[in-house]
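Quick note on labels: first sequence line is chain A, next is B, and so on, each numbered from 1.
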4 protein chains.
Amino acid sequence: VAHTHSRFATAWAQAARPIPCLGTTHADYFRGEVPLTDPLTGEEITSAYEVNTGLAIARRLESMDPEATPGALVVGHGPFCWGRSATAAAQTAAALEEIARIAYLTIGLNPSASPIPQALSEKHFLRKHGPAAYYGQRRTETEQD
Amino acid sequence: VAHTHSRFATAWAQAARPIPCLGTTHADYFRGEVPLTDPLTGEEITSAYEVNTGLAIARRLESMDPEATPGALVVGHGPFCWGRSATAAAQTAAALEEIARIAYLTIGLNPSASPIPQALSEKHFLRKHGPAAYYGQRRTETEQD
Amino acid sequence: VAHTHSRFATAWAQAARPIPCLGTTHADYFRGEVPLTDPLTGEEITSAYEVNTGLAIARRLESMDPEATPGALVVGHGPFCWGRSATAAAQTAAALEEIARIAYLTIGLNPSASPIPQALSEKHFLRKHGPAAYYGQRRTETEQD
Amino acid sequence: VAHTHSRFATAWAQAARPIPCLGTTHADYFRGEVPLTDPLTGEEITSAYEVNTGLAIARRLESMDPEATPGALVVGHGPFCWGRSATAAAQTAAALEEIARIAYLTIGLNPSASPIPQALSEKHFLRKHGPAAYYGQRRTETEQD
């Protein structure tokens, strides 16, 4: 797991907004939006705060595929990413920051910008990930996710 | 052809906005706006996606002069630039990113900023490009466009 | 005392807005908002301006704990930070700039973003500062504040 | 004279807005707003464009003190700065870009941010410039303006 307070991903977390899939840069790494956790209760904060932060992420992912969603935003806090290795998690953290940055700029130019069509996001994600991948640089075994 | 996911040009593509000619920095490189492609249909995405992306650019340029418009934005994706050499295409990609960046800042200061008068944009483009060019550093034969 | 004209903290001072505690990055350094001074009167400006700027900060802090609020914004001017050593003050100035930057981005994404719950900001501040601190790198005696 | 297409100053020029004096960073360099030229007519653009650009700056400065206003924005184009030496003009160009950048951020946080009181801007300008200057690093003769 890689946890950062990188600027743009943290800003989305502080703004309490999941990051919609606004372009193919995003779809190359995440299959759908970057999710946002629900806030912790007062009791979850005062007792075992760090564990409860992890549980909030786990709850948010219950209905999702963690390999297709390799990171999440903890509301009011910042991004947490994961992968099959520490290196893969850190690479995802760097990619998420870039995705968050371009999404911030997009919203600045068009506050009601729409997510790209699902056919396009699926195409970009699946041509790079999973058994039918055919595009991009071949990854070493360590990097695969 | 040079294709990047540079931040500001990609944000304009994701915001689904062509870049208007808001200043002389822009007019030094592009004769008029930086155009935006129409979205691909679902079928164009699922079959021969990469070829169809190229065809969408070609369709958008049908009524334009590709030497005066050395790049375009593919909606939801990012910028594609071209030129008489790979170096010229890459230089245009770098210039387009700067143009996109200053245009983003301009919109932040004045959401209804107007394009510059056509007399001014024509003056800037034509004093640097074409047979009557008289301004700027002389280019080597490779760089000319 | 460390005084800078760092970009984002100065922008909050020029915008005449205290920085609300929008996330845990902020709460790791400041217990509550970064305060903003009241404007000087014309007479305070023309006579002993530099001394009066200091007095405006002191007035603003009268009801606050200067160890839990290691910096303030002087309206129309910029940030001033302090600490038990010059190094500590400079470190706070750098942290404040990063806090101001992420808060700026947050407001861009959500103009009505709310401060985080007090239970969360207290948790983050107190797990790093004061007698019950248990989180983060141990500080040398010089760095402690 | 130093002419650049620096990002933030050019954005203000493209947005057709003079830069108001929003803080003391600005007042340390300019006595009042950074002025904006009027647009050129079509005929001024097609004949002797470069000379007419200079004349537009001169017209704008007619009622101002060029030593207290060491630069201006040409609408739709970008910043031009001057000084007693090329070095001084280039230093002003760098300062103007920083002023333009912080002013951009200020407007993002508070679109109706007010200029600082005249007593404050006069204090900052005059404690650094002119016969009664008493603040800041002593300048060499070349740097003085």
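The environment of CD in B:E50 is crowded: more than 12 heavy-atom neighbours from other residues, nucleotides or ligands sit within 6.0 Å.
Residue B:L109 touches chain D through both its backbone and its side chain, counting heavy-atom pairs closer than 4.5 Å. For D:R7, the parts lying near chain B are the backbone and the side chain together; criterion is any non-hydrogen pair under 4.5 Å. Contacts between B:Q118 and chain D at a heavy-atom distance below 4.5 Å are absent for every atom of the residue.
Aromatic ring centres of B:H124 and D:Y49 lie closer together than 6.0 Å.
Between D:H77 and D:F80, the ring planes are perpendicular. Angles over 60° get that label, and only those under 30° would be called parallel.
With no hydrogens or angles considered, a side-chain donor-acceptor pair links B:T25 and D:H5 at under 3.5 Å.
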